[in-house]
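Labels below follow one simple rule: chain letters A, B, ... track the order of the sequence lines, proteins then strands, and each chain is numbered from 1. Keep in mind the model is a prediction, meaning the values are calculated, not measured. Scope of the values below: all heavy atoms of this structure, side chains included, with no hydrogens, waters or symmetry mates.
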Amino acid sequence: MISPQPLIRMQNVGKHFGTFQALKGINLDVIKGERIVVCGPSGSGKSTMIRCINRLEKHDEGRILIGDTELTDQIKDLNAVRREIGMVFQSFNLFPHMTILNNLMLAQKLVRKTPKAKARDIAMRYLERVKIPEQADKYPVQLSGGQQQRVAIARALCMKPEVMLFDEPTSALDPEMINEVLEVMVDLAREGMTMICVTHEMGFARSVADRVIFMDAGEIVEEADPETFFKTPQHERTKLFLSQILSH
Amino acid sequence: MELLSGWWDDFFWGSVVVAQVFLASLVLMVIFGLIGAAAKLSGNRIVQKIANGYTVVFRGTPEILVILLLYFGSAITLTWISRLFNPDIKFVDVPPFWAGTVAIALIVGSYATETFRGAFLGVRPGSIEAAKALGMSGLQVFFYIRIPEMWRLALPPFGNHMLSLIKDTALISIIGLNETLFVAKQAIGTTGKPFTMYIVVGLIYLGFSTVITLTVMALERYGNHTVRAR
């Protein structure tokens, strides 16, 4: 059987911050429609790894390919790659000086060159999907954290990306708001969106992930389907980590 | 009031000169401040050193001295250059308006350098990253995300810089610019009423600074309406 061409291919990727090695020898292929959850202790390189995928961080060893395009310093149009990769951040990062609607329309108009009326339609459609169309004319500061994060997800979806990256999307939220964000993410996963999620929400990992990846000290220590990962982890570091986050 | 009769129009035209110097130096101050901030933020060591030298010199010397040095310095330099071409020239006069305007713009621009640099660094990196991740180009990120945020952060200190500018215009009377203080000195010479004349100048400046303060307050209200609304 020929496996399909991966959407994202990381080959032996390494990354240093000064003398600190944040990533080493990362190998990861992501095919279309795959849902991957990345977990691991803080400082293990999870965020750095997904930030290398849209080049918010530059890797300094190995290769990263997005489709057929390799991410290098010589890349002609990095923004053409980035607009196909949606990203959701831990701290929402909405544009504070714009209304919710304008947050959703800006990149559509500037990057996709979508006409204003159509951009507005698309924005409203995604706001409805994340269930807050009534907030369209408010400013980010007027919304709760959970609402802001749903807006951030909608903003990324408006660009019709091939892949969505989630960088600890629920870590900055009050507990009662985590579920409203996870529900949106579960819906997205059910619709077949390719997703890479850095998260410690193990319930989410169990219910939607095709693969769970455990990282520690900049390396991928273990990867498996959720069933195997949670029931029979192979490595001591994985067992220790799971016992710590699942014990309470 | 009759004391002032005959001097009203002189004070009026003096005020016009103050307004002209203020507006011209405001434009130059913003330009100097932006260049200074860009230089300090640039990765180039030498450019950073030059910008540091600029702020150290202009923030660390008396303003009146800068005006005098710039006025006489530029006159002497221009005279020397002109003599290379025509040895008969005795002295080239530099217009006090421009010498004074450039001088106070350089002084306040050195403070604005720090303001703009701080505002640039004060923009939350998260918004910038989000814009990049959406595929926006460097210029788009700068104009649509960074500038609107910088503007809000820079406005309060910028209001202070404008007040400094308007007050510094009074110093230019020393090199013979016929602004309000210059007019007052002439009026004192004929009427012998220094207190009255200086009070008039004070009131004129209070008028100017009140307009500036109110304008900045209105702009701040506008700039903050998105982040204060709850």
Side-chain angles (χ1 to χ4, degrees), chain A residues 47 50-51 53-57 77-100 102-113 137-144 148-149 151-153 155-161 163-167 172, chain B residues 30 34 37 41-45 48 115-159 215-230:
Chain A
S47 289
I50 68 165
R51 287 165 59 86
I53 293 173
N54 63 357
R55 214 164 167 75
L56 286 178
E57 303 287 356
D77 196 355
L78 177 59
N79 294 326
V81 176
R82 280 179 171 166
R83 68 179 174 234
E84 305 301 337
I85 304 174
M87 186 155 192
V88 175
F89 300 86
Q90 181 175 350
S91 48
F92 328 136
N93 296 352
L94 298 179
F95 307 134
H97 58 292
M98 292 180 194
T99 63
I100 299 307
N102 283 332
N103 262 276
L104 269 63
M105 287 167 64
L106 183 70
Q108 290 190 67
K109 289 189 288 185
L110 294 178
V111 180
R112 290 281 190 212
K113 312 286 180 209
D137 294 319
K138 293 205 179 150
Y139 286 95
V141 74
Q142 294 170 282
L143 271 57
S144 72
Q148 288 193 50
Q149 194 60 299
V151 171
I153 295 172
R155 178 176 65 179
L157 292 174
C158 281
M159 299 296 286
K160 309 274 173 69
V163 191
M164 285 285 286
L165 308 176
F166 290 86
D167 189 2
Chain B
V30 171
L34 286 176
L41 292 163
S42 79
N44 188 316
R45 277 265 183 83
Q48 282 174 351
T115 299
F116 291 149
R117 191 183 80 96
F120 186 92
L121 296 175
V123 176
R124 290 185 318 153
S127 317
I128 305 291
E129 280 196 340
K132 283 187 194 165
L134 286 162
M136 286 167 64
S137 71
L139 276 181
Q140 288 170 339
V141 173
F142 188 75
F143 283 107
Y144 288 91
I145 310 299
R146 198 183 282 279
I147 289 277
E149 274 292 278
M150 268 180 75
W151 181 68
R152 196 172 58 76
L153 294 172
L155 202 52
F158 191 74
T215 309
V216 171
M217 275 167 62
L219 285 173
E220 276 184 48
R221 249 200 318 278
Y222 176 75
N224 285 333
H225 78 288
T226 63
V227 283
R228 253 204 332 227
R230 262 236 177 247

Below 4.5 Å, heavy atoms only, C-beta onward: do [X] and [Y] meet side chain to side chain?
X: A:Asn93; Y: B:Ser127; value: no
X: A:Pro96; Y: B:Arg124; value: yes
X: B:Ile145; Y: A:Met98; value: yes

Requested in this report: With a 4.5 angstrom heavy-atom cut-off, could you sort out which part of A:Arg112 is near chain B: side chain, backbone, both or neither?
Outcome: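 Contact with chain B: none, neither part.
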Query raised in the report: Which atoms of A:Leu78 come close to chain B, meaning under 4.5 Å heavy atom to heavy atom: side chain ones, backbone ones, both, or neither?
Result: neither
Closest approach of [X] to [Y] (non-hydrogen atoms, all atoms of both residues):
X: A:Arg82; Y: B:Lys132; value: CD-O, 3.2 Å
X: A:Val111; Y: B:Gln140; value: CG2-OE1, 4.3 Å
X: B:Met136; Y: A:Leu106; value: CE-CD2, 3.7 Å
X: B:Ala130; Y: A:Phe89; value: CA-CE1, 3.6 Å

Query raised in the report: Which of the residues A:Leu165, A:Leu94, A:Asn54, A:Leu110 is involved in the greatest number of heavy-atom pairs with chain B at under 4.5 angstrom?
Result: A:Leu110
Query raised in the report: Where the side chain of A:His97 meets the backbone of B:Tyr144, is there a donor-acceptor pair that is under 3.5 Å apart?
Result: yes
Requested in this report: Report the residues that fulfil side-chain contact (heavy atoms from CB on, under 4.5 Å) with A:Leu157, sequence neighbours left out, ordered by chain and then residue number.
Outcome: A:Tyr126, A:Arg129, A:Ile153, A:Met164, A:Leu188, A:Met193
Query - side chain to side chain contact (heavy atoms under 4.5 Å, CB included) between A:Arg83 and B:Leu134, worked out - result: CA-CA 5 Å; A:Arg83 68 179 174 234; B:Leu134 286 162; over 6 Å; no
